[in-house]
Amino acid sequence: MLRLILAEDSVLLRAGLAEVLSRSGHEVAAAVGDAEALKRAVAAERPDVVITDVRMPPGFRDEGLRAVLELRAEDPSLPVLVLSQYVATAYAARLFDGSARGTGGAGGTGGSGAAGGLGYLLKDRVGEVDEFLDALERVAGGQTVLDPEVIRVLLNHRPADHPLGRLTPREREVLALMAEGLNNQAVAARLFVTEAAVVKHASSIFMKLELDPAEGNRRVLAVLAHLRGSAG
């Protein structure tokens, strides 16, 4: 069971999310409708995970995102799952870049004193309850999770001469799943191939893109940084 803080300005969506989470065995310690209430609730309740919308009152711009970046700056171990109505790669970049700066760079996470898990999902993903709950539990466990649709946009918006063009179709599939935060075993299961095949593809990807083949969230953050660069 996870103890959660939920921040969402839509009363109906907030109630629906709280119901889904409660029925799944989790405790919603507080469900609030604005960024200031979110910060107060986190200070009072010390949750296992924070779930928040990007856009919150009063300005309905990026108040929720700014609130969790402040919270992570104060406590980098706090796991955060951010929800967004639309594909906004700039928001995802701010979330991951801001948290990386707050923890001294894109170092590994998990373990004592390390940065907590981090996720960015589209709200449509909440309708896929099993996927949403899996993402929540992975974030709670210290992993990095990024919505597949955001990854698709990042992969498809790149200059013609970008190094991503060196990858085979299968390597692009593996790269996209790695960017979601999946480990080699999970990628193998998703693609119905052996784990050894995934390791081989991953090695080729990192060689072609000149990335550090570090394990864990360092690997994910390196991939995300590369994808964001390709979209620029």
Query - Test item: Q185 and V198 side chains (from C-beta on) under 4.5 Å apart, heavy atoms - result: no
Requested in this report: Could you check if a side-chain atom of P57 sits within less than 4.5 angstrom of a side-chain atom of E63, using non-hydrogen atoms only?
Outcome: no
Query raised in the report: Take atom OH in Y86; do more than 12 heavy atoms of anything else shown fall under 6.0 Å from it?
Result: no
**Report entry** Nearest-0.5 Å distance, CG of residue L167 to CD of residue E173
**Finding:** 11.5 Å
Query raised in the report: Would L17 and L83 count as a side-chain contact (heavy atoms from CB on, under 4.5 Å) if you check the C-alpha gap in whole Å, the side-chain angles of each, and the deciding distance to 0.1 Å?
Result: CA-CA 12 Å; L17 278 170; L83 304 178; 4.1 Å; yes
Query raised in the report: Minimum heavy-atom separation for M1 to D48, with atom names?
Result: O-OD2, 4.2 Å
Requested in this report: Compare every heavy atom of R14 with every heavy atom of E8, then report the nearest pair and how far apart it is.
Outcome: O-NH1, 2.5 Å
Requested in this report: Quick one: closest heavy-atom pair of A37 and D34, and the distance?
Outcome: N-OD1, 2.8 Å
Query raised in the report: Can you tell me how far CZ of R3 sits from NE2 of H26, rounded to the nearest 0.5 angstrom?
Result: 14.0 Å
Report task. Would you please name every residue forming a side chain to side chain donor-acceptor pair (under 3.5 Å) with K200, sequence neighbours left out? Result -> none
Query raised in the report: What distance do L81 atom CG and Y120 atom OH have between them, rounded to the nearest 0.5 Å?
Result: 11.0 Å
Requested in this report: Would you give the length of the straight line joining atom CG of L21 to atom CD1 of I51, rounded to the nearest 0.5 angstrom?
Outcome: 5.0 Å
Query - Contacts of type salt bridge (Lys or Arg N to Asp or Glu O under 4.0 Å), residue D124, not counting sequence neighbours - result: none
Query raised in the report: Looking at CD1 of I5 and CD of E45, how far apart are the two atoms once the value is rounded to the nearest 0.5 Å?
Result: 5.0 Å
Query raised in the report: Which is it for E74 and K39 under the salt bridge (charged side-chain N to carboxylate O under 4.0 Å, His left out) test, yes or no, and what are the steps along the way?
Result: CA-CA 11 Å; E74 296 172 2; K39 290 188 283 187; over 6 Å; no
Requested in this report: Could you pull out the closest heavy-atom pair between V28 and S22, with the gap in Å?
Outcome: CG2-OG, 4.1 Å
Query raised in the report: Can you find a pair of side-chain heavy atoms, one from E171 and one from L209, that are under 4.5 Å apart?
Result: no
Report task. Go through the structure and list residues passing side chain to side chain donor-acceptor pair (under 3.5 Å) with R66, not counting sequence neighbours. Result -> D62
Query raised in the report: Do you know the tightest heavy-atom contact between A176 and I151?
Result: O-CD1, 3.4 Å
Query raised in the report: Excluding sequence neighbours, so at least two apart, what forms side chain to side chain contact (heavy atoms under 4.5 Å, CB included) with A43?
Result: none
Requested in this report: Report the residues that fulfil side chain to side chain contact (heavy atoms under 4.5 Å, CB included) with T194, sequence neighbours left out, ordered by chain and then residue number.
Outcome: A196, A197
Query - Working for side-chain contact (heavy atoms from CB on, under 4.5 Å), residues Y91 and V82 - result: CA-CA 10 Å; Y91 286 150; V82 172; over 6 Å; no
**Report entry** salt bridge (charged side-chain N to carboxylate O under 4.0 Å, His left out) evaluation trace for K123 with D53
**Finding:** CA-CA 9 Å; K123 288 186 178 180; D53 189 5; 2.9 Å; yes
Report task. Show the numbers, then the answer: is there a side-chain contact (heavy atoms from CB on, under 4.5 Å) between V80 and V139? Result -> CA-CA 7 Å; V80 168; V139 168; 5.8 Å; no
Report task. Determine, stepwise, if the pair L191 / L177 fulfils side-chain contact (heavy atoms from CB on, under 4.5 Å). Result -> CA-CA 9 Å; L191 296 178; L177 293 173; 3.7 Å; yes
Report task. With sequence neighbours left out, write down each residue that passes side chain to side chain contact (heavy atoms under 4.5 Å, CB included) with E131, or none if nothing qualifies. Result -> R125, E128
Query raised in the report: How far apart are the closest heavy atoms of G181 and Q143, and which atoms are they?
Result: O-OE1, 3.6 Å
Query raised in the report: In Å, rounded to the nearest 0.5 Å, how long is the span from CZ of R172 to NE2 of H201?
Result: 14.5 Å
